[in-house]
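This report concerns only the one structure given below.
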Amino acid sequence: MNKYLISLQYSELFTYRELISLMEVYKSYENAWLKLASSRSLFDDQVREKKIKDFLNKNSVQEIVDNLLLENIFPLTIYDKEYPVLLKESKSPPLVIYTKGNKSLLQEDTVSVVGTRKPTPYGRKIAFELSAYLADYLTIVSGLALGIDSEAHKGALKGSKKTIAVLGSGFHHPYPPENKELFNKIIAEGGLILTEYPPYLKPESWRFPARNRIIAGISKGTVVIEAGIKSGALITANYAMEEGREVFAVPGLITNTNSQGSNALLKDGAHLVLKYSGILETLAVFHNFKLGRTDNISSDGQGLIGFLEGGPLSAEELAIMVSEPIESILFKLSLLELEGKVVRKSGIFHKV
Amino acid sequence: MIAKVLSAAIWGLEVVPIEVEVEVSRGLPLFLIVGLPDQAVQESTERVRSAIKCLGVSFPPGRIVVNMAPADLKKKGPHLDLAIALAILVHEGVLNQKQISNKLFLGELSLSGNLRQVEGVLPVSLSIDKLKASEIIVPSFNLNEARLVKNSISRGFRNLKEVVDYLRDNILPAEDKNQTEDAVTTANVLDFEDIKGQRLAKRALEISSAGGHNVLLIGSPGSGKTLLCRAYPTIMPLLTEGESLEVSKIYSVSGLLKKGSLIKIPPFRAPHHTTSTVALIGGGTIPKPGEVTLAHRGILFLDELTEFRKDSIEALRQPLEDGQVTVSRVWGSLTYPSRFTLICAMNPCSCGYFNDSIKPCNCSPAEIKKHRSKISGPIVDRIDINLEVPSLNDKELKNDNPGESSNIIRQRVQAAREIQQERYKNDSFILNSELNPKAIKKYIHLSGDAKKLLEMGSSRLGLSGRGYDRVLKVATTISDLEGSNIVKAEHIGEALSYRINLSYE
């Protein structure tokens, strides 16, 4: 944990670009902190220089971090191992993120579910069900806004409870106030809340598009359910496309203004959500399907394929050749079949 | 004076007491039986007349009317002969009413007065209390069967004279040395050990036996389907006492309880594919049990499923679903139990060698399609385990070791069934195959991996809702066989392999 970077970011006295260049100029944030506190006339703006000096001299990095931890807020910098890999790979990743809740979710495969704040009953239902279904395989990311976002979180909580909410404000001012209860529930039930803003920052309209870049950046794919033509969800989808992530859209009625944006995404080539499991297929989540004793299972499967290279065989013949019980052969063949490595015709297995 | 003798009639599997009354009055010689007798009962007049003459008693001249009460029930079968003859003898003064009271008589007479074997002795013997009789008199051939019921007093006689001697002078004939055979009826001597190879099919049948799952085997001629199915009863647990009586009763009514001992091995019925619907389901003017009832608590094996008449197969739906079959006739309906495991076998195509590794198939795609379309969808829906049995080449046949004996497999099956009984003790089902969607949710617990694999399987393989449930049920039986308390990925994986693609590519 880089306390200096956290504290510098916490001060909100530097822009994103400035923080990056601080590293380039001073080689380390510790160095930057010490130099900034002591040197003179680094800035043209006298008022700003005074502000910075005051902050750096009045606060200790240890104190800032300790206070955060005291509130159960856990900051992560981009240099930390726990910082989500996908977010790091994205364009302009936040240098510091503040988290509350189950940090282990940051290492999981994620998909974001976003959409309008004023959904139709259909949109609500889909958001809830889809998230509940996907939560068994993926962590559901959304923005804790009203409407689709809330349904997505609630759905995930109904399922495996793996969900991440990304805020557009600091932890002291969760927005919208109507979702205060959901906010607490996510933390209590093993989800995670995340923001790039220090706790004291209030929500501002311009912070939400920036928040959307994190939602898109942290996710393998983004599912848009009902978004109007100017919806923030489209901003998230755009970010996702820029990052080269998969974008999905749920088709809506063309007469519904809140579906025009998501339908337009479909026209532009987003994946059409026909059924929930299709999302898993596209995200190739199954390709990573692993069982408890994975290693020897997959290698055994490879062994069976080796036998099939000589020509198609029945399960019976394989069992004799490998001298293993028929039930374990059947299990392995089923796995290979699902992975698309073998096909079965009238009880005889062929290598693909 | 009107003589009364007690006998019984079988109605479905129920026993109804019959009171045989005889009245002789003056008039032209006539011997009339009233009370809805069938042909066999009507012809009883000639047998009774001759048997009484052979006894040395003169047959009463005049008008003889035999009434069988209750009068609205159809009486069938020759087993009322003995009662009619005795009623006449009472009337003639050879016996008196007191000597025959509290006794129930069953028996067919020959012209010389010998007693012949009859059907339905076991159910009568079982309901002796209800019939308000203290003793049952049967032909000696049926004595063993009557004595299967511990608390009933039964006596067997070879001819009418012995019966009269006993009733009048309490003389019991020397008993035949045909003591009851209590040994297990080993009609089926083929052991799993005797069948080479076929691990796949053996495993599938073991699962079927443990969970009561219906099975469809598809394979080329000579792949050993029939042989395996015939050995199937040896891996089923022996019938419990209650089940055994239930089954023996059915067999007694059908006249199939030949040796007079209880049936302990689950029955195996293999009707030929030309069989009629009535023979399969049960029927007749007075419906007799059909194959589905004879297979109760055992196996109904339909070899060459595609050759059966379509309406016969469709008629299996109700018995499969409800475990009982109701046969309705104009005058009412009868219900017989039919809780059996269905095992079907068929060729993959009309020539039999579709996708065979040794012989080429010479069917056109249209022929294969036609062949496969003969299988009824609703029946396939009730089959949990589908299996394609490829034919074995010589090398395997020669090399493979014999494998486990039926006894060892049966022990595993028994253990798995006990687990199920414990799990469903508060519910109405006994075996995994009987679970409905609601019960599946309640009782089946999957590990995380198993859940993932099932989802993956269902989306990749396009399982229907029913197909999904089938995999779950079979996987649960597999885990019960292993003694695992949770369904693991291995179990789901194996269960997924017992499905079949009925396309014709």
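Neither the backbone nor the side chain of Leu333(A) comes within contact range of chain B; no heavy atoms are under 4.5 Å apart.
Residue Glu455(B) holds its CD atom at 13.0 Å from OH of Tyr276(A), rounded to the nearest 0.5 Å. With values rounded to the nearest 0.5 angstrom, Glu327(A) atom CD is found 9.0 Å from His491(B) atom NE2. Taking CZ of Arg199(B) as the reference point, atom CD of Glu317(A) lies at 11.0 Å (rounded to 0.5 Å). Note: Ser497(B) OG to Glu337(A) CD = 8.5 Å, rounded to the nearest 0.5 Å.
Judged by distance alone, the side chain of Glu494(B) and the main-chain N or O of Leu330(A) form no donor-acceptor pair under 3.5 Å.
Taking all atoms of both residues into account, the shortest heavy-atom contact from Gly457(B) to Leu338(A) is CA-CD2, 3.7 Å. Minimum heavy-atom separation, Ile326(A) to Arg203(B): CG2-CB, 3.7 Å.
Within the 4.5 Å cutoff, the side chain of Leu335(A) has heavy atoms near those of the Leu453(B) side chain. Counting only heavy atoms from C-beta outward, the side chains of Arg499(B) and Arg344(A) approach each other to under 4.5 Å.
Around NZ of Lys374(B), the count of heavy atoms belonging to other residues, nucleotides or ligands within 6.0 Å exceeds 12. When the shell of 6.0 Å around NZ of Lys370(B) is examined, it contains 12 or fewer heavy atoms from other residues, nucleotides or ligands.
For Thr477(B), the side chain to side chain donor-acceptor pair (under 3.5 Å) partners two or more places apart in sequence, or in a different chain, are His213(B), Asn432(B).
Residue pairs meeting the salt bridge (Lys or Arg N to Asp or Glu O under 4.0 Å) criterion with at least one member in residues 206-222 of chain B, sequence neighbours excluded, are Glu206(B)-Arg412(B).
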